[in-house]
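A short worksheet on the structure shown next.
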2 protein chains.
Amino acid sequence: MTNIKKVSELAGVSTATVSRTLKSPGLVTEKTRDKVMKAVKEAGYRPNWLATSVKTGKSNSIVVLVPNLVNPFFMRIIEGIEQAAQERGYSVLLGDTQGKSQRENEYASMVLTNRADGLIQLDHSFPFSDNDAELAETIPMVSVCERIANRKYPFIELDNYAASRALAHHLISYGHSRFGIIAGQIESQIYRDRLAGIKSVLHEEGIAFDDSMLVGGSYRIETGVEGARQLAGREQPPTAVICFNDDIAIGALHEFKRLGLTVPGDISVTGFDNVRVSAYMDPPLTTIDQPAYEMGRRAFEVLLQMISRQPLNRTREILPFTLVERQSSGPAKS
Amino acid sequence: MTNIKKVSELAGVSTATVSRTLKSPGLVTEKTRDKVMKAVKEAGYRPNWLATSVKTGKSNSIVVLVPNLVNPFFMRIIEGIEQAAQERGYSVLLGDTQGKSQRENEYASMVLTNRADGLIQLDHSFPFSDNDAELAETIPMVSVCERIANRKYPFIELDNYAASRALAHHLISYGHSRFGIIAGQIESQIYRDRLAGIKSVLHEEGIAFDDSMLVGGSYRIETGVEGARQLAGREQPPTAVICFNDDIAIGALHEFKRLGLTVPGDISVTGFDNVRVSAYMDPPLTTIDQPAYEMGRRAFEVLLQMISRQPLNRTREILPFTLVERQSSGPAKS
DNA sequence: CTGTTAGCGCATTCAT
DNA sequence: ATGAATGCGCTAACAG
């Protein structure tokens, strides 16, 4: 281990001078700077980041909690977080929770032990254990996409209510009146907002919605397959199905076609997220584009403000969506 | 900041006893243990991880370098890494390099500054800057999927040669003899191995391969679209196209269909990786399944051995593939 | 501008 | 079994 002492001896200066040369070169003479830099090179010295951090009390790391890594939508958000973090000299500790609270607890506790300075949660749950809950009151935490249940942490999310309203209007304008919904995770604000948005439009338009047309319960492709099978099996199948993410829509699309239905001829299918492959489905998916990358960036910016103890000008950011109309939605079968 | 000193005063013992109680409870009387634990609770004390690490000289973190986050195949590998790491008490610093060497350099240097104990590289490049190169000689590093160019680091990869041979045999058995290839990243061992595998079979079977039938150059969907357009535009289009990952295959599939060709009727298309959506394409994709999760796990295990300075029994692991036959490949058009 | 000194929070000798 | 003392590697306050 080549440490600052060795370098100072090699350069014939004090350790403080070495430290200064590296952190604030302006404070030392050019002559000593050269001496020190030469010694640094010669010794192959790199400052021990752990020691620096223990002094300053800051880890310059954040934890990102994500329910799973295989959802490209999450990854796009993390890409934004990571990019923003890197620009500000922070690094990202990845916490794949698999939705398990025990894993959430373990990762969340890293903020309590100075291993990380803050936390971004992509799920809707409060990630700390009951034991840690009170300690966690004041720690910097932000949620993105979701909002943390029953807690007052800042969040960045899509205008899910408006987005699902737009989707409903889009489909109604095509003449649809029998709707099916394949939802994702049920216990979440997203679920409530999207459902409320759809229902509000249907209500305004005087269209009835039968709750048995609401199926699903997770954001997986298989949920789409299963949901499609259930909906198609009804005596009066829907003519339009709103899926709560693109994976579900991909599964549903596949299953409807397998059952001999045409999309959008017999049935329209829409998604959420606009993941890359959705444009290459057959037919290409009508979906809601979320500015995932930007949401990730914003989440980090807000978190950084909390870490720096700067006041937040606003505690919630609702980002705009874009309805991407492709060929999986079309006129209702007459 | 509530530190060990405060707890020791609260419990009426020395800081050493507090430390022992937490790390090796066996060395302490039950009575004092109770006292200490009570004080810990009361003070809401959590050991400062930074301080612990600076003492032990170990960060219990590793850096994972990944060219991009949106490729579900990479994410599956990282899932494996993360899982294995978490089981051993390690955490994962995510380094999204976007293929840029500057970013690789920055992340790689974390291992030199004690911010991380080791490094897993998912790309093929040597991630250290020229400056850091000699310091990096002895650091624990492993590559997975790829192997690091011109360096002797351990790697975990697929038997790409055999896999592409299997693919070639599969297609030849369907009567194909005009092949197209849409490759991914060119400067890589994967490229060389897969290409060599295919060519070896064609050679054995006495089938000529025209190098103009080799297109592509990156692992993106758009590469598949573009490659398909090029291949379909030839006077003698191929009847079978081997794509070097599923994203490329998805793009190619889409484009061939858009051009009015049927798959596999007019043209067979195959991929690599077996990402989840590939089974839900229309038609479902014939592809090579890679044990991505397991590869990630193995990569971490090997890295941990290097970190622990244990001798490696082997320096390379070639994992087996599975040819997943679906409906995107079929008999050659006669 | 540079050196001396004193910690950061913790773990680990070495005594007792 | 416990406490006192030392040091991990570095930075910052204070002198000079």
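Model, not experiment: these values are computed from the prediction. The chains referred to below are lettered A, B, ... by the order of the sequence lines, with proteins before strands, and numbering in each begins at 1.
The bend of the helix from dC1(C)-dG16(D) to dT16(C)-dA1(D), defined by the angle between the axes of its first five and last five pairs, stands at 40° to the nearest 10°.
Qualifying side-chain hydrogen bond (donor to acceptor under 3.5 Å, both in side chains) partners for Glu187(A), counting only residues two or more places apart in sequence or in other chains: none. Remark: Glu87(A) pairs with Arg297(A) by the salt bridge (charged side-chain N to carboxylate O under 4.0 Å, His left out) rule, at least two apart or across chains. Listed by chain and number, the residues in a salt bridge (charged side-chain N to carboxylate O under 4.0 Å, His left out) with Glu146(B) amount to none (sequence neighbours excluded). For Tyr293(A), there are no ring pair (Phe, Tyr, Trp, His ring centres under 6.0 Å) partners, not counting sequence neighbours. With sequence neighbours excluded, no residue satisfies salt bridge (charged side-chain N to carboxylate O under 4.0 Å, His left out) with Glu294(B). Here Arg314(A) pairs with Glu317(A) under the salt bridge (charged side-chain N to carboxylate O under 4.0 Å, His left out) rule; sequence neighbours left out.
You'll find the ring centres of Tyr153(B) and Phe155(B) outside the 6.0 Å limit.
For residues 2-12 of chain B, no pair satisfies side chain to side chain donor-acceptor pair (under 3.5 Å), with sequence neighbours left out. Counting only residues at least two apart or on different chains, the ring-ring contact (aromatic ring centres under 6.0 Å, His included) pairs with a member in residues 65-107 of chain B are Tyr90(B)-Phe300(B). Among pairs with a residue in residues 16-34 of chain B, those fulfilling side chain to side chain donor-acceptor pair (under 3.5 Å) read Ser14(B)-Thr17(B), at least two apart in sequence or across chains.
Residue Thr32(A) is in sugar-phosphate contact alone, with no base atom involved, counting any heavy-atom pair closer than 4.0 Å across all strands shown.
The CG-P distance, from Asp34(A) to dC1(C), rounds to 14 Å in whole Å.
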ask   = What string of B, S and - do you get for nucleotides 4-11 of chain C, 5' to 3', when a contact is any protein heavy atom under 4.0 Å?
value = B--BBBBB

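For DNA chain D, the contact window with chain B, defined by any atom under 4.0 Å from a protein heavy atom, covers dA1(D) to dC8(D) in 5' to 3' order.
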